Amino acid sequence: MFREFRVAVSIAKEKDMRKKITLFRLILERFGGLILIPTLLMFSLGIAVMQNSFTQRQLELYSETTDYLAQLCDDLFYNIKTKVLFLYNDTEIMEILNNSKKENSKNNMNLTSKISSMFYSIPDVDSLSLYWYDRQTIIYRKQNSSSRFYKISDEKELSTYFLHDFPKERYGYDITALPAAGKSTNAQIVLDQNLFTYTMNPLARLEIIFNNSIFSRIFEGIQEEGDVMNLVLDSNHTFLYCNQEVSLTAEDKNALWKLDASKSETMTIGGASYYLFRRYLPLYDISIIKCVPYAYIHSLYSPYMNILLVIALAVLGFLSLLTVSVSKAVSKPIRSLIDTINQFRHSVQPVSIPAETRILEISELNDDFNAMFQEINTLIDEKIQYEVNQKQAQMDMLMVRVNPHFLYNALQTLQYMAIKRNAPDINAMVVSLSKILQYNLAWNEKTCLLGDEFGICQQYLTIQKYRYLSELTLNLEAPPVLPTVVIPKMTLQPIIENSFMHGFKNKKGDYFISIRIEAEESGAFAITVSDNGTGMTNEQMEHLNRQLEARALDFDNIHSGLMSANYRLGQMYPGSRIRVTSDGTHFIVTIQAKGALHESLDH
């Protein structure tokens with residue numbers, strides 16, 4: 001059963017150890033939790049904020065570029081519209097058109113020359129058609145050809161030279177897009193307008209067809225990196241311009257037309273994600289759309305993100321090394337301290353902790369442990385010495401032990417003979433001696449009551465009184481009822497014996513001994529033994545008091561009985577003491593036992 005209990009305790013201890021972690025790991029966890037993880041989160045947040053800020057800045061730049069392109073397109077259409085003013089502002093052309101009856105070769109030549117000048121002054125013109133209503137004549141000019149005059153007998157023939165029907169009475173202009181032919185993604189722009197007299201009579205019809213490079217001059221004039229796609233879309237979802245070949249469904253074109261022009265939006269085109277920017281020109285009912293690939297925006301800030309990531313990894317690496325360094329700096333001296341403690345537990349030789357650390361707190365801890373080791377070593381030495389003294393005392397007691405039955409029988413025989421011969425004094429001495437021997441030979445009793453010790457001392461003084469007769473004066477002062485205080489056995493008797501053995505050794509006549517027992521309110525009691533013997537010098541008293549203060553034991557000392565009583569009294573009542581003094585005429589030994597009265601009440 002005992003073995004099972006030990007196994008259970010071992011298993012419980014092993015489970016408890018599994019729950020604990022080393023100081024090194026604890027510092028790593030705390031340092032990582034308080035510094036590494038927040039730092040990592042801070043860098044992650046910083047990267048996210050920087051990425052968002054960079055993206056927003058790029059989007060703002062592309063938004064501004066889209067605004068600029070929209071303004072250029074608006075200016076383009078405005079310039080196309082205002083080209084007609086060239087005819088109105090040319091007085092000679094207006095006179096020729098107004099004087100339709102004065103047709104001659106000179107006027108025709110002048111008109112052709114003016115039309116050619118207008119044709120070449122407008123960039124990207126593919127063809128120009130001017131129909132003279134009154135003369136039913138068309139002046140037609142096409143790219144890479146000269147101007148031609150054609151007579152029109154039937155207005156149906158106008159469809160040969162004009163792409164759109166434009167009523168004669170219609171005032172104003174139309175700018176429309178002609179869808180691109182073939183695989184081209186660029187459309188032609190057509191301007192239709194009527195010319196009127198000052199009296200609002202129609203003079204002529206004008207149609208200018210611009211080729212599909214009209215937008216290229218605008219969009220290609222802006223240098224842009226990446227696969228940025230620029231689109232011009234009309235209300236019929238027809239591409240007027242696109243710088244890339246792209247295939248869009250009707251739903252995609254409808255989604256592009258409905259984009260919010262006030263902000264950027266995202267959309268997937270051809271399997272790729274784009275940021276989209278739309279600007280709407282209400283006068284011409286067209287939309288300018290810029291499509292910026294998401295991957296291109298990402299590629300712009302990727303180098304900066306990589307640099308920031310390298311910096312973050314470097315900082316985290318440095319913090320990790322710092323964490324490990326701090327952990328080792330703290331755990332290494334503590335591990336050394338633990339090893340030293342284990343060595344102290346399993347070694348009989350004195351050990352000490354080396355002062356290898358620069359950490360003040362751990363250095364102070366090492367000093368405290370070294371001081372504790374020294375105190376423990378001192379206590380161990382004292383304990384060993386105490387055990388040696390105990391064994392020596394036991395050996396001494398064995399050497400002086402005699403058969404108590406023989407002594408008792410011998411004393412009883414003496415007492416019987418004294419009574420038979422009518423010798424009361426001898427009888428009284430034998431009775432006192434018998435009580436003293438019976439008290440002293442009770443080897444198993446280490447303590448006694450104060451009253452019993454005082455009674456034995458009275459028996460001892462009775463015997464001495466018969467020896468010294470009238471030369472010995474006794475003064476005994478004690479309460480009528482002594483408190484039931486437990487004291488070490490043979491505490492008071494050795495002190496009284498010292499008075500006869502040493503104090504009265506060289507003295508003749510007039511012997512005086514006083515014993516006073518008194519209780520104190522602090523819970524202590526005091527016993528004062530004084531005599532008028534020869535005493536000792538002040539140096540001898542100071543030396544003896546120092547030995548008593550140190551609780552020294554010296555069996556070879558002449559005061560070994562006094563020192564033994566002091567030692568045993570201190571073991572029972574810490575703080576108690578025996579002290580030797582002199583008032584000039586009397587040698588005084590005082591015993592103070594602190595807390596003895598409280599202890600007696602507990603008993």
Side-chain angles (χ1 to χ4, degrees), residues 396 400 407 410-411 414-415 417-418 421-440 450 453-478 489-518 526-548 552 554-566 569 577-592:
D396 293 342
V400 301
L407 291 177
L411 290 175
L414 291 175
Q415 183 181 7
M417 293 177 65
R421 295 185 181 185
N422 195 22
D425 294 338
I426 296 176
N427 180 44
M429 289 181 63
V430 171
V431 171
S432 296
L433 180 59
S434 177
K435 290 181 179 180
I436 292 173
L437 289 176
Q438 185 179 5
Y439 178 78
N440 290 341
L450 176 61
E453 181 80 3
F454 184 64
I456 292 301
C457 290
Q458 288 178 317
Q459 298 297 333
Y460 176 80
L461 292 175
T462 298
I463 296 175
Q464 294 294 352
K465 184 66 174 175
Y466 282 109
R467 175 185 175 185
Y468 291 96
L469 301 176
S470 61
E471 292 182 349
L472 176 62
T473 303
L474 300 177
N475 179 35
L476 304 179
E477 299 179 16
K489 193 174 180 181
M490 299 295 290
T491 298
L492 186 57
Q493 182 180 338
I495 299 174
I496 299 174
E497 288 180 356
N498 280 343
S499 297
F500 291 94
M501 294 176 61
H502 305 292
F504 300 155
K505 184 176 182 180
N506 298 319
K507 182 178 174 60
K508 294 183 180 180
D510 191 19
Y511 305 108
F512 175 79
I513 289 180
S514 173
I515 301 175
R516 184 172 67 251
I517 300 176
E518 55 186 350
I527 303 174
T528 304
V529 179
S530 60
D531 62 63
N532 61 348
T534 55
M536 59 180 67
T537 64
N538 291 332
E539 291 76 10
Q540 291 174 332
M541 281 193 298
E542 292 178 359
H543 177 69
L544 180 57
N545 284 327
R546 284 195 297 270
Q547 290 181 314
L548 294 174
D554 186 0
F555 293 101
D556 296 330
N557 195 297
I558 61 174
H559 301 291
S560 59
L562 183 64
M563 297 172 68
S564 174
N566 177 69
L569 187 65
R577 65 173 184 171
I578 297 178
R579 186 167 181 79
V580 178
T581 58
S582 176
D583 61 358
T585 58
H586 296 86
F587 182 74
I588 304 170
V589 178
T590 304
I591 302 174
Q592 284 188 328

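The shown structure was predicted, so the numbers you read here are calculated from the model rather than taken from an experiment. We use all heavy atoms of the structure for the numbers below, so side chains are in, but hydrogens, waters and symmetry mates are not.
The CG atom of N475 sits 7.5 Å away from the OG atom of S530 when rounded to the nearest 0.5 Å. Separation of atoms CD (Q459) and CG (L437) is listed at 11.5 Å; rounding is to 0.5 Å. Separating the CD1 atom in I496 from the OH atom in Y460 is a distance of 8.0 Å, to the nearest 0.5 Å. Here T537 contributes atom OG1 and E542 contributes atom CD; the two are 8.5 Å apart, rounded to the nearest 0.5 Å. Considering NE2 of H543 and CG of L548, their distance stands at 10.0 Å, rounded to 0.5 Å. Rounding to the nearest 0.5 Å places OH of Y439 at 3.5 Å from CD of E453.
Legend: residues meeting side-chain hydrogen bond (donor to acceptor under 3.5 Å, both in side chains) with T462, ordered by chain and number and at least two apart, are absent. With sequence neighbours excluded, the residues that form a ring-ring contact (aromatic ring centres under 6.0 Å, His included) with Y468 are F500, Y511. Remark: N422 pairs with no residue by the side-chain hydrogen bond (donor to acceptor under 3.5 Å, both in side chains) rule, at least two apart or across chains.
Two residues are said to be in side-chain contact when any heavy atoms from C-beta on lie closer than 4.5 Å; T491 and I527 fail this criterion. Using a 4.5 Å heavy-atom threshold, the side chains of M501 and K505 count as separate. Side chains of L562 and I578 form a contact here, defined as non-hydrogen atoms less than 4.5 Å apart. Residues K507 and N532 have side chains in contact (heavy-atom distance under 4.5 Å, counting atoms from C-beta outward).
Within a 6.0 Å radius of CD1 in I436, more than 12 heavy atoms belonging to other residues, nucleotides or ligands are found. Heavy-atom contacts from other residues, nucleotides or ligands closer than 6.0 Å to NZ of K435 number 12 or fewer.
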